[in-house]
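Report on the structure given below.
Throughout, protein chains are lettered first and strands after them, A, B, ... in sequence-line order, and every chain is numbered starting at 1. These numbers come from the heavy atoms of this one structure, side chains and all, not from hydrogens, waters or symmetry mates.
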Amino acid sequence: MDITELKIKAAQIRMDLMTIIHRAKTGHTGGSLSNTDILTALYYEIMKVDPAQPKLADRDRFVASKGHSVESLWCILADKGFFPKEELETYSQFGTRLIGHPNNKVPGIEMNTGALGHGLPISVGMALAAKRDGRPYRVFCLMGDGEQAEGSNWEAAMAGAHYKLDNLTGIIDRNRLQISGSTEEVMGLEPLEDKWAAFGWNVVSIDGNDMEALVNVFREAPAAPGKPTLVMANTVKGKGVSFAENVPAWHHHVPSDEQLALAHSELTAYIGQLQQEGMVAEQ
Amino acid sequence: MNTIPNRQVICETLLELAKDDRDIMVLASDSRGSAAMAPFANTYPEQFVEVGIAEQNIVGMSAGLAHSGKKPFVTSPACFLSMRSIEQVKVDVAYSHTNVKLIGISGGVSYGALGMSHHSVQDIAVARAIPGLAIVLPADRHETKKMTEALVNYEGGVYVRIGRNAVEDVYDSADYHFEIGKAVTLKQGSDLTIIATGETVRVALDAAELLAGEGVSCRVLNMHTIKPLDEAAIIAAARETGRIITVEEHSIYGGLGAAVAEVVTQNAPVPMKIIGIPDEPAIAGKTSEVFSHYGITGDNLKAVALELTKK
Ligand SMILES: Cc1ncc(C[n+]2csc(CCOP(=O)(O)OP(=O)(O)O)c2C)c(N)n1
C-alpha cells in the first residue's frame, strides 16, 4: 500500500476500535489509538503474514507485549481476514475468544500476553530459534513505555544483544503516559534511548504516528548487522481522537454515544482530507 | 445494595489509622487508581511510594522498609502480586520475617474478560505453600474494615485477596468479633456445613436460605483466614453436621476446598464437595456470568447440598 492508503487504513482501524470499545463498554482506548499506526505499518506493508496460512513456518512474528492495547490488533486481524469481521461484535462478551488481551486461540495471534514484561523475552526466544534454524523470518515486539519498569525487559535486552539478534525489532510505544499519569513522574525512564544503546541495541528514534517514518524504519532488515534494533516510536496516547489525546484517564476510558459519534466524524473528515490529497498527488 | 468496593474501604481505614501511625506506608505499582489508593497518596505523600510497573521490586522494597520499622501495605493486582513476586514473598517477606502486608486487588475473576493473565485463581494455592504467610479473604466491606484494623496490629507477612467490585453485605455492621485465624459461624445448622471464603460467603448464605425452605438445616462458616486455618471449626462442622461443601473463587486445586479436605480426611472423614473454578482458563465474562457458568450460585449449592444429604 502507498503511504496515503496506509494512513486511511489506520484511520478506519481507529474508527473500528472505538466502536468495539463503545459496544463492550470496556477497553484500553488510549494505548490502542497510540499504536494503531505502528500496527498498520507492520500488518499492511512490512510483515510477511498470510491469513489463509497463519502458521506458515517462515511468517514474520508479532508479539504484543503491551497486550492490554489489543483492540487495534483485533480490528486489524479481522480486517485482514484472520477471522470473520462480525466476530468483533463479541469482543469482551461472555464466552468470547476475543477477550481484552491477545489470545492465541485466535488465528494470527502468536502468544497470550497481558502480564507486562513478558513479550520481549518471548521475542528473544523466537528470534534465537530463527537464527539457530537458519530461517529468514523477523520478529517484532511492541512494548509500552510504562512497561519498561519491569526488570524482565532488561534481562531480555541483554540476551538479545548477547545473541546478536539482528532479526529482532523491539518497538516502544513512547506515548509518555501510563495509568497513574506521566511516565517521568511515576517512574522516570529518561534517558531511555541511551539505556537501550548501552545494552547493545541499534536505537532509532522516530515520530511513531508518522506512517512514512514507520514504514522506512521497519523496512530495513537487519538495520545494523549483529545487533537487535529498538525503535523508539514517539507517539501520542489517544492519537486521532481529539478529546482522548494526551489525557491519562483515556487509558481505559470508554466513549459515550456522543463521543463515539464525534470520534467517527473527526476520523471521517481526516479520511476525506487524505483522499483529496491522494487525488491531487495522482494528477 | 452496597456500592462501596472493599479496596475503597481499605484506603479509608488506612487513612484513619495513618493519622496516628506515621509508620504505615502504602506502596503502589502504577495501581493507585485500581487499588483506590489515590486519596491516601494525596493525603500522606510522605507515607506513599510509587514503584511503577514492577511487582518484584515493590515486594523487595517493602521488605526493606519493614526491616527498617515501617508497616508497608503493598497494593497491586492480586494476579501479579501473588505470582510475579512470589519469590520475593517467599524469601524477603516470609522467610526473613518482615512485616509486609500484601493487598491483592481485583482478585479472583473480577477482571472479567481480561482473561487468564489477569485472573487470580491460583493465589491461595501458591500462598498456602509458603510457611509463615497468613492468608485472608474478607467477605464484605464491614469485614474488610475489621481486617484492615487487625492487619496493622498483626506482626508478620499477610496476603490479602479482595475483588474489584462492590459486594453485597454479609454483616449488618462492623460490630462483631474478627480475629485472624478464627472462622465465623454465620448460621448454625445440623444437616451439613457450607464453608466459604471472600465474596462467595454471600453465595453460601443464599444457599442456606434456599435450603431452609427445603427443610434442610445448613451451617455456614465464613473462613476468612485460609492460613492459619481454623481447624477446630472444621472438625466440629464435620462431626456435628456430617457433610461439608466448600465454595471459593479459586481453582479447585490447592485452595479452600483442598485445605478443608486435608483437615477433614485426617481428623473426621465425611463426604465433601469442592465448588470452584475448574482446571481451565476461566471463561470470559462478568463475575456473575462466570460464577453461574461454574455453579458458584445459591441455586447450584442448594442442588449439590440436596444430593449430598439424600439418605
Ligand atoms: C505485570 C503487569 N503489571 C501491571 C499490569 C496492569 N497494567 C495494564 S496497562 C498498564 C499501564 C501500561 O502503561 P504503558 O506500558 O505505558 O502502556 P500504554 O500507555 O501504551 O497503554 C498497567 C500497569 C499488567 N498488565 N501487567
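Within 6.0 Å of OH in B/Tyr95 there are 12 or fewer heavy atoms belonging to other residues, nucleotides or ligands. At most 12 non-hydrogen atoms from other residues, nucleotides or ligands lie less than 6.0 angstrom from OH of B/Tyr253.
Looking at residues two or more places apart in sequence or on another chain, you find a side chain to side chain contact (heavy atoms under 4.5 Å, CB included) between B/Ile130 and B/Ile86, B/Val89, B/Lys90, B/Ala94, B/Leu133. In this structure, B/Phe291 has no ring-ring contact (aromatic ring centres under 6.0 Å, His included) partners at least two apart in sequence or on a different chain. Residues satisfying the salt bridge (charged side-chain N to carboxylate O under 4.0 Å, His left out) criterion with B/Lys71, sequence neighbours excluded, are B/Asp21.
Contact annotation for B/Ile283: only side-chain heavy atoms (C-beta onward) come within less than 4.5 Å of a heavy atom of chain A.
Taking both residues in full, the closest heavy atoms of B/Phe80 and A/Ala115 are given as CE2-CB, 3.6 Å, listed atom of the first, atom of the second, then distance. Closest approach of A/Ala149 to B/Ala54, counting heavy atoms only: O-CB, 3.5 Å.
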Can you check whether chain A and chain B share any donor-acceptor pairs under 3.5 Å, and give the atom names and distances if they do?
from: B/Asp30; atom 1: OD1; to: A/Ile179; atom 2: N; distance (Å): 3.4
from: B/Asp30; atom 1: OD1; to: A/Ser180; atom 2: N; distance (Å): 2.7
from: B/Asp30; atom 1: OD1; to: A/Ser180; atom 2: OG; distance (Å): 2.7
from: B/Asp30; atom 1: OD2; to: A/Gln178; atom 2: NE2; distance (Å): 2.9
from: B/Asp30; atom 1: OD2; to: A/Ile179; atom 2: N; distance (Å): 3.1
from: B/Ile53; atom 1: O; to: A/Glu150; atom 2: N; distance (Å): 3.2
from: B/Arg84; atom 1: NH1; to: A/Leu116; atom 2: O; distance (Å): 2.8
from: B/Arg84; atom 1: NH1; to: A/His118; atom 2: NE2; distance (Å): 3.3
from: B/Arg84; atom 1: NH2; to: A/Leu116; atom 2: O; distance (Å): 3.0
from: B/Arg84; atom 1: NH2; to: A/Glu150; atom 2: OE1; distance (Å): 3.4
from: B/Arg84; atom 1: NH2; to: A/Ser152; atom 2: OG; distance (Å): 3.2
from: B/Ala113; atom 1: O; to: A/Gly100; atom 2: N; distance (Å): 2.7
from: B/Leu114; atom 1: O; to: A/His101; atom 2: ND1; distance (Å): 2.8
from: B/Ala284; atom 1: O; to: A/Gly95; atom 2: N; distance (Å): 2.9

